[in-house]
Amino acid sequence: MRNRVVVTGMGAITPIGNSVEEFWNGLREKRVGIGPISMFDTEDYKVKLAAEVKGFEGKNYMDPKAAKRMERFSQFAVAAAREALEDSALEMEKEDPYRVGVCIGSGIGSLQSIEREHKKLLEKGPSRINPLLVPLMIGNMAAGNVAIQFGLKGKCFNVVTACATGTHSIGEAFRSIQYGEADVMVAGGTEASITPLSIAGFGALTALSTSQDPLRASIPFDRDRGGFVMGEGAGVVVLESLEHAKARGAKIYAELVGYGATCDAYHITSPAEDGSGAAKAMEWAIRDAGAKPEDMDYINAHGTGTHHNDLFETKAIKLALGDHAYKVHINSTKSMVGHLLGAAGGVEFIACVKGIQEGFVHATAGLEQEDEGCDLNYTKGSGVETKVRYAVSNSLGFGGHNASLVVKEFEG
């Protein structure tokens, strides 16, 4: 017998709001958080737009000295974790800290510190490098810093699977609770990679949109789509065994019931053209949930806005759901917050939970005319008020990584 796992807390730092409430209201209102890049001069860049987090100050979420010893991606993780833990009303002084763990991943870690210190190395020599460079830049420090800040002494690790990082992190935390390795896991993803090197690198790969219209830059499934928009932020949830949550009288938002993970083993950047790998991840997540394809009400698609992703993910949904693919509600949160890379799965999972709570599937903002081959219901317009009992969250990462989560309405 495996433990049932429920969601009892959520936290978000996003380009459309620095709390779950602000983020969700932004999705409902189709607020697009994309604008001109302010973090560096883009004069020599074809890419001019990104989805930046606004008004964030690490010192507002933690001790200022602690904030100075963290790069932006770690600060985002701590901020989102703080909101999630406060939302869960978990009282650590009443918990065995060795039964409360962390799984928060970042696809890249801190490019800011790498760029800054490399410049210093070239200009001033190795003796001038910041002694904290390594612990500032490495991706596992998001999980480590969250554990340190909140005294979480249980299983603490991270998953790095590019754009599937957040979803895999939640999935692996789910498994940790199912199999009794922890009572509580703080899980999700974080990213802060709007930097010169990142924008130049993804731009050279021709993965980024070069549109200068914020409302027509991130337009998944649209015939005029031309790539994704780089975003940043964090999405973190508190997962608990049902037994533990009930014992402490926690409020329960939803139940996480399925997780599937596969690899295309096909290409370093392109999904498998027939969608078979992503389809199998969905199939396995649905089977893990003890459900059927026709039970699914809503899919939060990976939906990046690149030509290959949107077309091949559409094929994957058809393979996984059969005829029901044409009946399920689908959307892309990235249409408003851009692509948060390792954090995407975290914030998109939160969108699924909120959709279940409020009976609402948000619109895919900017979608005007579906492209050839993209012929499913991607929720154009203003969103849909509808009962959501089962929701699927999909993530696909460079390297062929596929991950799907199935979350459902909680029924005691």
Side-chain angles (χ1 to χ4, degrees), residues 13 15 34-59 62-79 104-146 148 158-163 165 189-210 212 227-234 268-269 338-344 397-399:
I13 300 293
I34 297 166
I37 294 171
S38 67
M39 296 178 177
F40 59 92
D41 185 356
T42 61
E43 182 178 355
D44 295 331
Y45 294 73
K46 291 182 180 179
V47 174
K48 306 293 185 184
L49 302 180
E52 298 177 347
V53 166
K54 291 87 173 170
F56 178 87
E57 292 285 345
K59 64 184 180 182
M62 66 201 83
D63 179 79
K65 289 183 179 179
K68 286 182 179 180
R69 289 175 174 261
M70 293 182 213
E71 287 291 332
R72 191 170 170 88
F73 82 102
S74 286
Q75 291 182 354
F76 285 166
V78 169
I104 297 175
S106 174
I108 295 177
S110 176
L111 281 177
Q112 289 92 337
S113 61
I114 294 171
E115 292 179 26
R116 182 178 64 243
E117 297 302 315
H118 182 253
K119 184 173 185 290
K120 195 185 296 183
L121 174 69
L122 295 180
E123 294 178 352
K124 299 180 180 180
S127 64
R128 301 296 293 276
I129 294 299
N130 186 340
L132 292 178
L133 170 60
V134 172
L136 285 170
M137 76 178 184
I138 52 181
N140 67 297
M141 292 307 291
N145 276 308
V146 167
I148 291 166
N158 69 306
V159 177
V160 181
T161 48
C163 309
T165 293
T190 185
E191 205 79 81
S193 295
I194 304 173
T195 75
L197 187 59
S198 177
I199 296 298
F202 280 101
L205 195 61
T206 66
L208 297 178
S209 170
T210 56
Q212 296 191 42
F228 74 82
V229 173
M230 183 73 74
E232 62 174 357
I268 58 171
T269 60
H339 192 349
L340 274 59
L341 306 183
F398 281 178

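The first residue in the sequence is number 1, and the count goes up from there.
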Evaluate M62 against Q75 for side-chain contact (heavy atoms from CB on, under 4.5 Å), listing each step before the verdict. CA-CA 8 Å; M62 66 201 83; Q75 291 182 354; 4.2 Å; yes
So does N130 get a backbone contact from the side chain of E117, meaning a donor-acceptor N/O pair under 3.5 Å?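 A pair under 3.5 Å: yes.
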May I ask you to decide if T190's main-chain N or O and S106's side chain share a donor-acceptor pair within less than 3.5 Å?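 Yes, S106 side chain to T190 backbone: donor-acceptor pair under 3.5 Å.
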Identify every side-chain donor-acceptor pair in residues 34-43 under 3.5 Å, counting partners at least two apart or on other chains, and give the distances.
{"unit_1": "S38", "atom_1": "OG", "unit_2": "E52", "atom_2": "OE1", "d": "2.6"}
{"unit_1": "S38", "atom_1": "OG", "unit_2": "E52", "atom_2": "OE2", "d": "3.4"}
{"unit_1": "D41", "atom_1": "OD1", "unit_2": "E43", "atom_2": "N", "d": "2.9"}

Indicate the atoms forming the closest heavy-atom contact of [X] with [Y], along with that distance.
X: F228; Y: H339; value: CD1-CB, 3.5 Å
X: V229; Y: S209; value: CG2-CB, 4.3 Å
X: A234; Y: A77; value: CB-N, 4.1 Å
X: P15; Y: A51; value: CG-O, 3.3 Å
X: G342; Y: E191; value: N-OE1, 2.8 Å
X: M230; Y: S198; value: CE-OG, 3.2 Å

Rounded to the nearest 0.5 Å, what's the gap from [atom1] on [X] to [atom2] on [Y]? Could you check?
X: R72; Y: F56; atom1: CZ; atom2: CZ; value: 7.0 Å
X: Y45; Y: T210; atom1: OH; atom2: OG1; value: 15.5 Å
X: I138; Y: E71; atom1: CD1; atom2: CD; value: 12.0 Å
X: L111; Y: M137; atom1: CG; atom2: CE; value: 10.5 Å
X: I194; Y: I199; atom1: CD1; atom2: CD1; value: 6.5 Å

If you count the non-hydrogen atoms of other residues, nucleotides and ligands that lie under 6.0 Å from NZ in K46, is the total more than 12?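 Not buried by this count: 12 neighbours or fewer within 6.0 Å.
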More than 12 non-hydrogen atoms from neighbouring residues, nucleotides or ligands closer than 6.0 Å to CZ on R116, yes or no?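 Check passes, neighbour count above 12.
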Qualifying residues under salt bridge (charged side-chain N to carboxylate O under 4.0 Å, His left out), relative to K119, sequence neighbours excluded: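 Salt bridge (charged side-chain N to carboxylate O under 4.0 Å, His left out) list for K119, sorted by chain: E123.
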Trace of the side-chain contact (heavy atoms from CB on, under 4.5 Å) decision for T165 with L341: CA-CA 8 Å; T165 293; L341 306 183; over 6 Å; no
Pair T195, E115: side-chain N/O donor-acceptor within cut-off below 3.5 Å: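 Yes, side-chain donor-acceptor contact under 3.5 Å.
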In sequence, state the C-alpha distance, the side-chain angles, and the governing distance for F398 and L205, and then conclude on side-chain contact (heavy atoms from CB on, under 4.5 Å). CA-CA 12 Å; F398 281 178; L205 195 61; 3.5 Å; yes
With M70 as reference, evaluate L132, N145, L136 under the side chain to side chain contact (heavy atoms under 4.5 Å, CB included) test and give the passing residue.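 Going through L132, N145, L136 one by one, the side chain to side chain contact (heavy atoms under 4.5 Å, CB included) with M70 is satisfied by N145 alone.
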